[in-house]
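Here's the structure we're looking at; comments come further down.
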Amino acid sequence: MPHAGLAARILHAITEHPEHYDQGHWFHGVDTLHPGDQLTDGTLDCGTTLCIAGYATHLTGHTLTLTDAIHDEGVTARKPGHPRPPSSKRPAQNCN
(Lines give C-alpha, C1' and ligand atoms only; values in the text may rest on other atoms or scores of the structure.)
Protein backbone atom coordinates (compact mmCIF):
# COMPACT_ATOMS: atom_id res chain seq x y z
CA MET A 1 0.00 0.00 0.00
CA PRO A 2 2.15 2.86 -1.27
CA HIS A 3 -0.06 5.64 0.09
CA ALA A 4 -0.80 4.20 3.53
CA GLY A 5 1.64 6.62 5.17
CA LEU A 6 -0.05 9.64 3.56
CA ALA A 7 -3.49 8.32 4.55
CA ALA A 8 -2.28 7.95 8.14
CA ARG A 9 -0.96 11.54 8.15
CA ILE A 10 -4.30 12.83 6.82
CA LEU A 11 -6.27 10.81 9.38
CA HIS A 12 -4.04 12.09 12.18
CA ALA A 13 -4.44 15.72 11.08
CA ILE A 14 -8.23 15.42 10.86
CA THR A 15 -8.54 13.54 14.15
CA GLU A 16 -6.33 15.98 16.06
CA HIS A 17 -7.83 19.15 14.54
CA PRO A 18 -11.30 18.48 13.11
CA GLU A 19 -11.93 22.25 12.92
CA HIS A 20 -9.64 22.34 9.86
CA TYR A 21 -11.53 19.58 8.03
CA ASP A 22 -14.44 20.26 5.66
CA GLN A 23 -15.23 17.67 3.02
CA GLY A 24 -17.49 20.21 1.30
CA HIS A 25 -14.57 22.39 0.13
CA TRP A 26 -11.24 21.44 -1.41
CA PHE A 27 -9.53 24.39 0.29
CA HIS A 28 -11.07 27.35 2.09
CA GLY A 29 -9.80 30.21 4.24
CA VAL A 30 -6.48 31.93 3.56
CA ASP A 31 -5.57 32.85 -0.02
CA THR A 32 -2.44 30.68 -0.20
CA LEU A 33 -1.30 27.63 1.74
CA HIS A 34 2.38 26.86 1.15
CA PRO A 35 4.15 23.54 1.76
CA GLY A 36 5.19 23.54 5.39
CA ASP A 37 2.46 25.97 6.51
CA GLN A 38 0.89 24.52 9.62
CA LEU A 39 -2.85 24.66 10.13
CA THR A 40 -2.38 23.94 13.83
CA ASP A 41 0.20 26.48 15.01
CA GLY A 42 -2.24 29.38 15.38
CA THR A 43 -1.06 31.39 12.36
CA LEU A 44 -3.93 30.28 10.12
CA ASP A 45 -6.86 30.82 12.47
CA CYS A 46 -9.06 32.27 9.71
CA GLY A 47 -11.25 29.22 9.43
CA THR A 48 -8.87 27.54 7.00
CA THR A 49 -10.15 24.09 6.07
CA LEU A 50 -9.21 21.28 3.70
CA CYS A 51 -11.00 18.20 2.46
CA ILE A 52 -9.16 14.87 2.19
CA ALA A 53 -7.91 15.72 -1.31
CA GLY A 54 -6.79 19.14 -0.07
CA TYR A 55 -4.86 17.54 2.78
CA ALA A 56 -3.26 15.05 0.39
CA THR A 57 -2.20 17.86 -1.92
CA HIS A 58 -0.86 20.05 0.90
CA LEU A 59 0.96 17.22 2.67
CA THR A 60 2.72 16.17 -0.55
CA GLY A 61 4.35 19.56 -1.03
CA HIS A 62 1.96 21.50 -3.22
CA THR A 63 1.06 25.16 -2.80
CA LEU A 64 -2.72 25.69 -2.73
CA THR A 65 -3.94 29.04 -4.05
CA LEU A 66 -7.51 30.32 -4.18
CA THR A 67 -8.38 32.03 -7.45
CA ASP A 68 -11.55 33.14 -9.14
CA ALA A 69 -11.06 30.45 -11.76
CA ILE A 70 -13.99 28.17 -12.40
CA HIS A 71 -12.06 24.87 -12.53
CA ASP A 72 -11.38 22.94 -9.31
CA GLU A 73 -13.68 25.17 -7.27
CA GLY A 74 -11.26 28.05 -7.84
CA VAL A 75 -8.25 26.25 -6.36
CA THR A 76 -4.94 25.74 -8.08
CA ALA A 77 -2.18 23.48 -6.78
CA ARG A 78 1.44 23.44 -7.85
CA LYS A 79 4.73 21.97 -6.71
CA PRO A 80 7.71 24.28 -6.08
CA GLY A 81 9.71 24.80 -9.25
CA HIS A 82 6.72 24.32 -11.54
CA PRO A 83 5.34 27.33 -13.42
CA ARG A 84 2.39 29.13 -11.92
CA PRO A 85 -0.78 28.32 -13.89
CA PRO A 86 -2.50 31.25 -15.62
CA SER A 87 -5.41 32.56 -13.60
CA SER A 88 -6.95 35.83 -12.67
CA LYS A 89 -6.13 37.09 -9.21
CA ARG A 90 -8.87 37.43 -6.65
CA PRO A 91 -8.76 40.10 -3.93
CA ALA A 92 -6.64 39.26 -0.89
CA GLN A 93 -8.52 37.93 2.09
CA ASN A 94 -7.93 39.57 5.44
CA CYS A 95 -7.78 37.19 8.40
CA ASN A 96 -8.29 39.92 11.00
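- Shortest non-hydrogen contact noted between His34 and His58 is O-CE1, 3.1 Å.
- The main-chain N or O of Thr48 is found under 3.5 Å from a side-chain atom of His20 such that the two form a donor-acceptor pair.
- Residues Trp26 and Thr57 form a side-chain contact, since some pair of their non-hydrogen atoms from C-beta on lies under 4.5 Å apart.
- With sequence neighbours excluded, no residue satisfies side-chain contact (heavy atoms from CB on, under 4.5 Å) with Ala7.
- Here the closest heavy-atom approach between residue Pro35 and residue Gly61 is recorded as CG-O, 3.2 Å.
- By the side-chain contact (heavy atoms from CB on, under 4.5 Å) test, Ala13 pairs with Tyr55, sequence neighbours left out.
- Between Asp37 and Val30, the closest side-chain pair of non-hydrogen atoms is not below 4.5 Å.
- Cluster annotation: Leu6 is connected to Leu50 through the hydrophobic network of ILVMFWY side chains, with a link wherever side-chain heavy atoms come within less than 4.5 Å.
- In terms of the side-chain hydrogen bond (donor to acceptor under 3.5 Å, both in side chains) criterion, residue partners of His17 (sequence neighbours excluded) are, by chain and number, Glu19.
- For Ile52, the side-chain contact (heavy atoms from CB on, under 4.5 Å) partners two or more places apart in sequence, or in a different chain, are Ile10, Ile14, Tyr21, Gln23.
- In this structure the side chain of Asp22 never reaches within 4.5 angstrom of the side chain of Cys51, judged on heavy atoms.
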